[in-house]
Structures are given as structure tokens and as C-alpha cells.
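Quick notes on the structure that follows.
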Amino acid sequence: GQQVMQIPQYQHVQEGEDFTTYCNSSTTLSNIQWYKQRPGGHPVFLIQLVKSGEVKKQKRLTFQFGEAKKNSSLHITATQTTDVGTYFCAGPGSGGSNYKLTFGKGTLLTVNP
Amino acid sequence: NAGVTQTPKFRVLKTGQSMTLLCAQDMNHEYMYWYRQDPGMGLRLIHYSVGEGTTAKGEVPDGYNVSRLKKQNFLLGLESAAPSQTSVYFCASSTRVGTQYFGPGTRLLVL
């Protein structure tokens, strides 16, 4: 079945440093979604990328979708303590089951103030 | 709108006891999902529903049953709880190809 892998599993940074998490799928994806889960909270949708090579920005967050639509990245510039949490990527199933998402195991980001 | 709500928020069970987790959404979404989240394992799909009266197995369905009698509700049942079912359970809902909206979660401890 489809597998979605994320690296690194953990990342600890000093406030102000940059952070990047990478997501790789075993299959080509129709789209990729990113979610953030604060400690003790629930996953919250951040963004969806659909087009090959797409780049989207949300303030200090930059999301990229690979040309082959099998990988993606999330980059945070100048991290802040509010960025703490686990970041998940998720890809839909193929064909008629694209409403089901396969989540990566996530990257836990901690920020030292 | 409340979005997705889950009850209870926290529960302690003894091995062999049964319980039902309730999920409700007010966004008129067709699709609903139950996940479990364990440390280092990410989110794993237990069961899902593509509409009222339908249910289907996900990645880790053993030991769980579900029902979707009303469009807005999705129930997850544990007939005979086991310590391996200690986890955080999240319910989510979505449109056909939309993003998933998660509830606040239920923390379950099975002793």
C-alpha cells in the first residue's frame, strides 16, 4: 500500500533558526496536505498543494510540491516559539479512494527561546 | 459552528470493559473517520464512513466497531478493551476531496 515517510522525526532549534521537514511518498500523489498539531492538541489543516512544482507561502512558512508529485517540503524561516508542534504531511489514496489520507509519522519541532 | 466534537475527553477502562466514543460534526460532511495516535506512530486510520449508513475498515480495525446511523454522528465502539488500545482517538470529517477537520480527541487508558 501507499507509504508516506517524513524526515526528520524530531528537530530542536534555537528561536530564530530555520527549520525544514521533508515528506516522500511511495506513489505519485494527486495532491499533498500539511497539518500542524500543537502539543496536547489536534491536527489542524495548514495547506494543500496540487500542481507539480507548486510553491505556496504562508507568512514564514514555505511549502513545496515536487516536480514528480512524490515529495514535498515545509520550510519555516526564523522559527518562533509559537511554531512548536508536530507537522504532518498527508497524501490521498489513488483512484476512487482519494478521500482517505495516509499520514506521515510527523516531525516534532521544539524551539528553544 | 462547533465543527467536530468528541465525547468523552478522557476515560479510564479496565481490561475487558466496553465503551463507545461519540463523534459529531455540524458541517454536513459526507465523510467521517476514526484515527488512533500513538507515540512515534503518527495517525492510523481505524474505520471510516463515506455516508450515512456506511462504514469501512481502515488500516487498524481489529478490536473496534463503528456505526453511522445519522450523517452527523460517527460512533466508535470497543467491545472488550485491551491495554493495547490505550491511545488518543481522533475523529475527523471531510468533503469528497477536501481537507479533514479533526475533533479535540479522546484520551483512553486501559488498565
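Every heavy atom of this structure was used, including side-chain atoms; hydrogens, water molecules and symmetry mates were not. Chain A is the first sequence line, chain B the second, and so forth, proteins listed ahead of strands; every chain is numbered from 1.
Both A/Ile76 and A/Leu49 are assigned to one and the same hydrophobic cluster, defined by single-linkage of ILVMFWY side chains at heavy-atom distances under 4.5 Å. Hydrophobic clustering (ILVMFWY, side-chain heavy atoms < 4.5 Å, transitive): A/Ile47 and A/Tyr87 are in one cluster. Cluster membership for B/Leu45 and B/Val88, using ILVMFWY side-chain heavy atoms within less than 4.5 angstrom, is shared. Cluster membership check: B/Phe90 shares its hydrophobic cluster with A/Phe103, using side-chain heavy-atom separations under 4.5 Å among Ile, Leu, Val, Met, Phe, Trp and Tyr. A/Val84 and A/Leu74 fall within the same hydrophobic cluster, defined by Ile, Leu, Val, Met, Phe, Trp and Tyr side-chain heavy atoms under 4.5 Å apart, directly or through other members.
A/Lys100 contributes atom NZ, which lies 9.5 Å from atom CD of B/Glu59 (distance to the nearest 0.5 angstrom). Between the CD atom in A/Gln37 and the CG atom in B/Leu43 there is a gap of 6.5 Å [rounded to 0.5 Å]. In this structure, the separation between OG on B/Ser94 and CZ on A/Phe45 is 11.5 Å, given to the nearest 0.5 Å. Atom CZ of B/Arg44 and atom OG1 of A/Thr102 lie 13.0 Å apart (nearest 0.5 Å).
A/Arg38 CZ: 12 or fewer foreign heavy atoms inside a 6.0 Å radius. Annotation for B/Glu79: atom CD does not count as buried by contact number, only 12 or fewer foreign heavy atoms lying within 6.0 Å.
Of all residues in residues 3-33 of chain B, those placing a non-hydrogen atom less than 4.5 angstrom from a non-hydrogen atom of chain A are B/Tyr31, B/Tyr33.
A/Tyr99 is not listed as a side-chain neighbour of B/Gln100, based on a closest heavy-atom distance of 4.5 Å or more.
Formation of a donor-acceptor pair under 3.5 Å by the B/Tyr101 side chain with backbone atoms of A/Val44 is not found in this model.
With sequence neighbours left out, the side chain to side chain contact (heavy atoms under 4.5 Å, CB included) criterion links A/Asn31 to A/Gln33, A/Gln48, A/Val50, A/Pro92.
Residue B/Val50 touches chain A through its side chain alone, counting heavy-atom pairs closer than 4.5 Å. Neither the backbone nor the side chain of A/Tyr10 comes within contact range of chain B, judged by heavy atoms closer than 4.5 Å.
Nearest approach of B/Phe102 to A/His42, heavy atoms of both residues: O-CD2, 3.5 Å.
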